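In this text, all values refer to a predicted model and were calculated from it rather than measured experimentally. Both ligands and their constituent atoms are indexed starting at 1 by order of listing.
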Amino acid sequence: MTLKPVLQLSNLGHAYLGRKVLADINVTVESGEVLALVGPSGCGKSTLAHISSGILQVHEGAIERRYKRHAMIFQDTRLMPWATAAENIAYPLRLARIPRRQRRAHVLEAAQKVHLLPDDLIKFPVELSGGMQQRTAIARALVAHPDFVYYDEPFTALDVALKRRMQDLVISNAIATKTAGLFITHDLNEAARVAHRIVVLQANGHGILGTRQVPGSPGSRSDETLAEWVRDALRNDPLFAQIFDVDERAIT
Ligand SMILES: Nc1ncnc2c1ncn2[C@@H]1O[C@H](COP(=O)(O)OP(=O)(O)OP(=O)(O)O)[C@@H](O)[C@H]1O
């Protein structure tokens, strides 16, 4: 029996005020697969994630979602400043009307996954470091056990060491829970580290330029293997040249 993709985008397109940003997008994400989406700035990556997740309405093409529950992690953590870390993490559980006494155990479990301590949980976002805030946002995304996660450049603003730790968190969670996802990033090193496959989106709403399978699987690749693969991709694979060659200002 062949498994059906958990997310299937067919001939998806989108325009803002008549200006085409996405066209002919055909993407599938298989069960347990993390698919990275890279492309030049302004090529429509976030728009694609917003349409796929239902934040934006589909105007052109079709989406089949076969996952049960999705979560989103953004670059901006979008934590509620008036609520403690624990209350922020518990928010999806409140929305799902999980009784208060059950929420605590779920919050503690999610906090443990991202290495937040009980002392951190009683703090407000302003009292947490940038890394702790991002951990809180990841815990909030994972608390309701999603089987699909949209990552919209979640770690772009973080320094190299912190970015790596956050990537490790999402990789280990995705492996442990077989969670599929769509991971948007500007960073080919990040894409190669967290994803099984990489899709490159073209600028000017011209659709998908190509797809590459990254050898091995996330979490099992050595730093050397990854560095070599990325170096080779940037030097010898024309698919990746445009990520760095095209600038949003050139888009007409
Ligand atoms: N609500 C909107 N109204 C009008 N234009 C928009 C809107 N949102 C995005 N755009 C434009 O659509 C294009 C695609 O934007 P989008 O944010 O999806 O690209 P992106 O690839 O995620 O960009 P970046 O990598 O810089 O985050 C951009 O030119 C952007 O300015």
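Of the options T185, V38, L239, a side-chain contact (heavy atoms from CB on, under 4.5 Å) to I198 is made by V38 and by none of the others.
Of the candidates S46, P40, G42, A49, the one placing a heavy atom closest to atom 13 (C) of ligand 1 is G42.
For ligand 1, the polar-atom distance check finds no N/O of L17 at less than 3.5 Å from any of the ligand's N/O atoms.
Per-residue contacts place T47 under 4.0 angstrom from the following atoms of ligand 1 (heavy atoms of the residue considered): 15 (O), 16 (P), 18 (O). Each of the atoms 19 (O), 21 (O) of ligand 1 lies under 4.0 Å from some heavy atom of C43. Near R19, meaning under 4.0 Å from any of its heavy atoms, are these atoms of ligand 1: 29 (O). Remark: ligand 1 atoms within the under-4.0 Å shell around heavy atoms of E153 are 24 (P), 25 (O), 27 (O).
Note on residues 119-128: no pairs pass side-chain hydrogen bond (donor to acceptor under 3.5 Å, both in side chains), not counting sequence neighbours. Evaluation of the ring-ring contact (aromatic ring centres under 6.0 Å, His included) test over residues 37-79, restricted to residues two or more places apart or in two chains, returns H14-H59, Y67-H70, Y67-F148, H70-Y150.
Under the 4.0 Å criterion applied to side-chain N and carboxylate O atoms, D187 and K163 are assigned as salt-bridge partners. D168 and R193 are joined by a salt bridge, as a carboxylate oxygen and a charged side-chain nitrogen come within less than 4.0 angstrom of each other.
Residue V21 places a heavy atom under 4.0 Å from ligand 1. Using 4.0 Å as the threshold, G39 has no heavy atom nearer than that to any atom of ligand 1.
Heavy-atom minimum distance, T84 versus I122: CG2-O, 3.6 Å.
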